[in-house]
Amino acid sequence: GEDVEQSLFLSVREGDSSVINCTYTDSSSTYLYWYKQEPGAGLQLLTYIFSNMDMKQDQRLTVLLNKKDKHLSLRIADTQTGDSAIYFCAERAGTASKLTFGTGTRLQVTL
Amino acid sequence: DGGITQSPKYLFRKEGQNVTLSCEQNLNHDAMYWYRQDPGQGLRLIYYSQIVNDFQKGDIAEGYSVSREKKESFPLTVTSAQKNPTAFYLCASSAGQIIAKNIQYFGAGTRLSVL
């Protein structure tokens, strides 16, 4: 079955870049997503990438996809304290309705 | 103001009691989902529904039940058979699997605790 893995914690200084990594196992993934969760809240979609793309940029966010290694990353430039949250990657296999989520990476931004 | 509304925000269950979590959406989405979130375990799918009057079990359906009588509503009942119900429950909806991106949008969640 599908499996999505992320490291649990990342700490960066304000103003630095953050890179959050994700690996997945399903070779039939069509779309991959990054969501952000602030404390006590639901998930907010940040960005997504189609599996035939290598990179997608959206303001401070850059998504890189290495389909051969099944590796997805989210880079946040000029990280701010408001970026402190849990970040989830998720993948959609083929035309399935459901998504498979990773365990989430808690990003801590220090001054 | 379009979106997904979950209620209540906090819920307490007594032993042996069934409780129902509400999820309503006004996005005209066909598909709806229920997830359970435990610390360090990410989101696990409980049930999902791709269309009215139809639903499928997810990865951890035991001890839960759902109904989908209206497009806008997908309530989740946590039954007394669920022995460890304390968790954060998230409801989501999406346009449906025929839509390529099929982005899921989430409610604000319900935190369920056992008394």
Side-chain angles (χ1 to χ4, degrees), chain A residues 1-10 20-26 28-53 56 58 63 65 72 85-106, chain B residues 3-7 9-10 21 23 25 27 29-51 54-61 68 74 87-111 113:
Chain A
E2 307 94 2
D3 192 23
V4 179
E5 295 195 356
Q6 301 177 239
S7 54
L8 289 181
F9 185 75
L10 175 66
I20 302 171
N21 295 302
C22 172
T23 58
Y24 60 97
T25 58
D26 195 332
S28 69
S29 294
T30 50
Y31 279 89
L32 296 119
Y33 310 81
W34 283 104
Y35 283 87
K36 176 184 180 182
Q37 184 182 35
E38 297 185 0
L43 274 65
Q44 171 195 353
L45 178 73
L46 287 177
T47 188
Y48 62 90
I49 188 167
F50 186 47
S51 59
N52 70 352
M53 297 170 65
K56 181 177 181 181
D58 185 0
V63 178
L65 175 59
L72 180 74
I86 300 176
Y87 291 80
F88 291 93
C89 68
E91 63 101 15
R92 181 187 186 195
T95 58
S97 178
K98 59 180 185 171
L99 304 182
T100 301
F101 285 83
T103 52
T105 299
R106 182 178 296 276
Chain B
I4 302 171
T5 302
Q6 289 188 243
S7 61
K9 191 170 176 62
Y10 300 96
L21 285 61
C23 179
Q25 54 99 359
L27 300 169
H29 283 167
D30 283 325
M32 297 186 74
Y33 313 81
W34 274 107
Y35 293 91
R36 171 179 171 141
Q37 185 178 18
D38 295 282
Q41 292 197 45
L43 275 67
R44 292 183 290 168
L45 183 65
I46 305 172
Y47 269 99
Y48 64 105
S49 167
Q50 297 186 67
I51 200 163
D54 185 52
F55 49 83
Q56 287 84 38
K57 291 183 180 180
D59 301 316
I60 56 164
R68 186 88 187 276
F74 191 40
F88 190 52
Y89 291 86
L90 288 160
C91 178
S93 71
S94 71
Q97 65 181 118
I98 61 169
I99 305 298
K101 295 188 294 290
N102 199 28
I103 293 169
Q104 291 189 16
Y105 297 89
F106 284 79
T110 293
R111 188 166 297 281
S113 302

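Fair warning: this is a prediction, and the values are worked out from it, not measured in the lab. Chain A is the first sequence line, chain B the second, and so forth, proteins listed ahead of strands; every chain is numbered from 1. Computation of the quantities below employed the complete heavy-atom set of this structure, encompassing side-chain atoms and omitting hydrogens, waters and symmetry-equivalent molecules.
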Open item on the list: At a heavy-atom distance under 4.5 Å, which candidate from B:Phe88, B:Phe106, B:Tyr48 has the highest pair count against chain A?
Closed with: B:Phe106
Open item on the list: Rounded at 0.5 Å granularity, tell me how far OH in B:Tyr105 sits from CD in A:Gln44.
Closed with: 11.5 Å
Task: OH on B:Tyr35 to CG on A:Leu99, rounded to 0.5 Å - done: 5.0 Å
- [ ] Give, as side chain, backbone, both or neither, the part of A:Leu45 having an atom under 4.5 angstrom from any heavy atom of chain B.
- [x] side chain
Task: Contacting moiety of A:Gln37, where chain B heavy atoms sit under 4.5 Å - done: side chain
Task: CG on B:Leu43 to OG1 on A:Thr100, rounded to 0.5 Å - done: 11.0 Å
Open item on the list: Can you give me the closest heavy-atom contact between B:Ile103 and A:Tyr35, atom names plus distance?
Closed with: CG2-OH, 4.1 Å
Task: Contact class of B:Gln37 relative to chain A, heavy atoms under 4.5 angstrom - done: side chain
Task: Within 6.0 Å of CZ in B:Arg44, more than 12 heavy atoms from elsewhere - done: yes
Open item on the list: Could you tell me if the side chain of B:Asn102 sits less than 4.5 Å from the side chain of A:Lys98, heavy atoms only?
Closed with: no
